[in-house]
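Every chain is numbered from 1 and lettered A, B, ... according to where its sequence line falls, protein lines coming before strand lines.
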Amino acid sequence: MPSPRYWREVPSRLRLEAARCSGCGKVNYPPRLICPGCRGKESEPVTLSKTAKIITSTVIHIAPDDFLFEAPYAIAVVETPEKARFMAQVVDCDPSSVGPGMDVSLEFRLIRKEARSGILCYGFKAVPTASWEAKS
Amino acid sequence: MREVAIVAAAMTPFGELWEMSLRQLFAEAALDVIKKAGVDHLDSIYVGNMSGGCFVGQEHLGPLMADQIGMAGVPSTRVESACASGGIALRTAFFEVASGASDLVLASGVEKMNDGADVTNVLATAADQELEVYHGITFPGLYAMIARAHMEAHGTTEEDLSWVSVKNHRHGALNPKAQFPREFTLEQVMNSTLVAEPLRLLHCSPVSDGAAAVLLCPLDQAKKYTDQPIKILGTGQATSAMALADRKDPAFLDSVQLSAERAFAMAGVGPGDINVAEVHDCFAISEICCIEALGLVERSQAAGAAASGLTALGGRIPVNTSGGLKAKGHPVGATGIAQIIEIFEQLRGESGARQVQGASLGLAQNMGGSGASSVVHILERM
Ligand SMILES: CC(C)(COP(=O)(O)OP(=O)(O)OC[C@H]1O[C@@H](n2cnc3c(N)ncnc32)[C@H](O)[C@@H]1OP(=O)(O)O)[C@@H](O)C(=O)NCCC(=O)NCCS
Ligand SMILES: [Zn+2]
């Protein structure tokens with residue numbers, strides 16, 4: 001990945017900056033020029049909470065080259081309390097235990113070492129919460 | 001708009017075709033169509049292709065392919081919409097003929113996936129790079145998440161998924177052009193290696209090379225080229241949110257429903273009128289989601305439709321008689337045209353052991369990404 005692109009995506013990816021639409025209240029992550037929900041153009045910045053719930057998930061066994069040595073790994077669509085949904089790996093647990101409904105916290109981690117440029121790419125990964133593990 | 005017909009069709013076998021290059025694949029299918037129709041010129045060419053650039057380092061396929069068939073000078077345009085490139089190339093060709101701008105238009109698709117590229121990585125370019133691929137998702141992974149959401153919402157099981165593969169391989173075993181023309185048992189499917197849970201190897205379409213092409217002309221000129229033209233009765237296209245996370249319901253393919261509604265409205269028919277259908281079974285779960293969104297079966301029957309025989313040859317609505325992407329193979333840019341060829345042959349009564357008796361109305365649905373684009377065509381026997 002070219003470094004200008006990595007740099008451009010820092011606010012949303014590394015700081016979880018999103019935008020709440022002034023028209024319909026939808027939280028768009030990352031922020032957009034226009035709300036896909038109502039096409040409104042006004043919004044206010046909001047920082048996402050570092051907790052979320054898993055909507056759906058999988059465990060990747062056949063991985064792209066950059067993630068070859070990490071397979072099998074769990075990855076999920078998660079939803080924060082602000083109703084922002086996005087994708088994140090789920091780590092620090094048995095991948096096969098990951099599934100819809102699971103509570104997770106979002107932690108700042110290394111995501112990948114990009115093969116071509118060597119850039120260390122950071123972002124958020126999901127970790128099952130202690131309370132979830134106690135419940136199940 | 002003028003009425004439009006398909007008058008000739010041809011495709012290469014699908015598979016790992018190590019002796020054939022991207023351009024040779026295209027030329028073989030295209031020249032075969034030109035020969036079958038007996039035409040000495042084309043007014044325009046459309047080439048559906050997902051990623052010549054990433055798979056073999058070749059872009060600018062329009063002029064390259066025109067040149068390869070001795071047609072340099074003819075307008076030729078590459079159409080890209082990930083795995084829906086072929087279907088959307090057909091739709092674009094349809095409008096060029098319907099508008100009256102051209103009379104003889106070649107709609108084609110081609111992909112060369114087996115040439116040393118990191119295929120998993122290249123396919124993932126059809127997902128959202130910033131939001132999805134960055135975190136290590138793969139294409140099977142996206143559909144695995146759709147599968148899990150479907151299981152969660154509708155109680156769909158791994159066995160339901162596996163029956164789709166068993167059925168499509170039974171169909172594919174009857175198709176000499178198929179990459180895997182052989183049957184698999186339910187046990188073999190359910191014990192194949194995991195790719196992205198809950199999807200296994202035998203729930204996935206394979207990595208394929210191949211090309212397919214059809215020739216379009218105004219319906220009132222079609223008899224010059226064939227005794228049995230097939231009419232394009234309706235076409236519909238739709239998009240959905242690019243990222244899976246941005247869809248209201250990750251278990252429902254809304255672009256498929258929307259593209260079907262548009263095609264049915266244009267054709268003036270409904271899902272209950274369709275006799276045979278090719279749908280985009282890139283993964284077993286996709287067939288379940290597609291037949292449900294197309295309205296070919298009731299929502300409650302979609303998951304069990306393959307097991308119950310509803311969508312098998314001899315069933316109420318045979319789906320993927322060609323073997324589908326699963327058994328026939330999925331050279332991504334060529335798939336949309338290959339689906340049209342199966343319906344074209346079915347409606348002409350040319351499908352041999354796979355023939356759906358008396359089929360007069362057929363449907364083909366082709367999709368790109370994790371369902372961010374979908375295109376539906378309805379064809380009619382004249
Ligand atoms: C599923 C997948 C990862 C398997 O790739 P792979 O692990 O590299 O598999 P291999 O090529 O090593 O094949 C292993 C064996 O299974 C067979 N095989 C591979 N894919 C197969 C498939 N989909 N169906 C049936 N058999 C298959 C091979 O012929 C080979 O058999 P052999 O050992 O007898 O020679 C790959 O086919 C894939 O990525 N498919 C999805 C393609 C896709 O996403 N398309 C776009 C959809 S929108
Ligand atoms: Zn809004």
Looking at A/Leu33, I'd like to know if its CG atom is crowded, meaning that more than 12 non-hydrogen atoms belonging to other residues, nucleotides or ligands lie closer than 6.0 Å. no
Less than 4.5 Å to any heavy atom of chain A: does that hold for the side chain of B/Glu152, its backbone, both, or neither? side chain
Under 3.5 Å: donor-acceptor pair, side chain of A/Tyr73, backbone of B/Gly136: yes
Taking the side chain as every heavy atom from C-beta outward, state whether A/Ile60 and B/Pro140 have any atom pair closer than 4.5 Å. no
With distance as the sole test, does A/Thr56 use its side chain to make a donor-acceptor pair with the main-chain N or O of B/Met145 at under 3.5 Å? yes
Do the side chains of A/Ile111 and B/His135 get nearer than 4.5 Å, heavy atoms only? yes
What part of B/Asp128 gets closer than 4.5 Å to chain A, counting heavy atoms only: side chain, backbone, both or neither? neither
Toward chain B, the part of A/Asp65 with a non-hydrogen atom under 4.5 Å: both
Could you go through the side chain to side chain contact (heavy atoms under 4.5 Å, CB included) check for B/Glu197 and A/Val98 one step at a time? CA-CA 11 Å; B/Glu197 291 175 38; A/Val98 174; over 6 Å; no
Engaged part of B/Ala149 at the chain A interface, taking heavy atoms whose separation is under 4.5 Å: both
So which residue, B/Ile137, B/Leu123, B/Thr120, ends up with the most heavy-atom pairs under 4.5 Å with chain A? B/Ile137
Can you tell me which portion of B/Leu142 sits under 4.5 Å from chain A's heavy atoms? Options are side chain, backbone, both or neither. side chain
Kindly compute the distance separating CZ (A/Arg85) from CG (B/Leu131), expressed to the nearest 0.5 Å. 14.5 Å
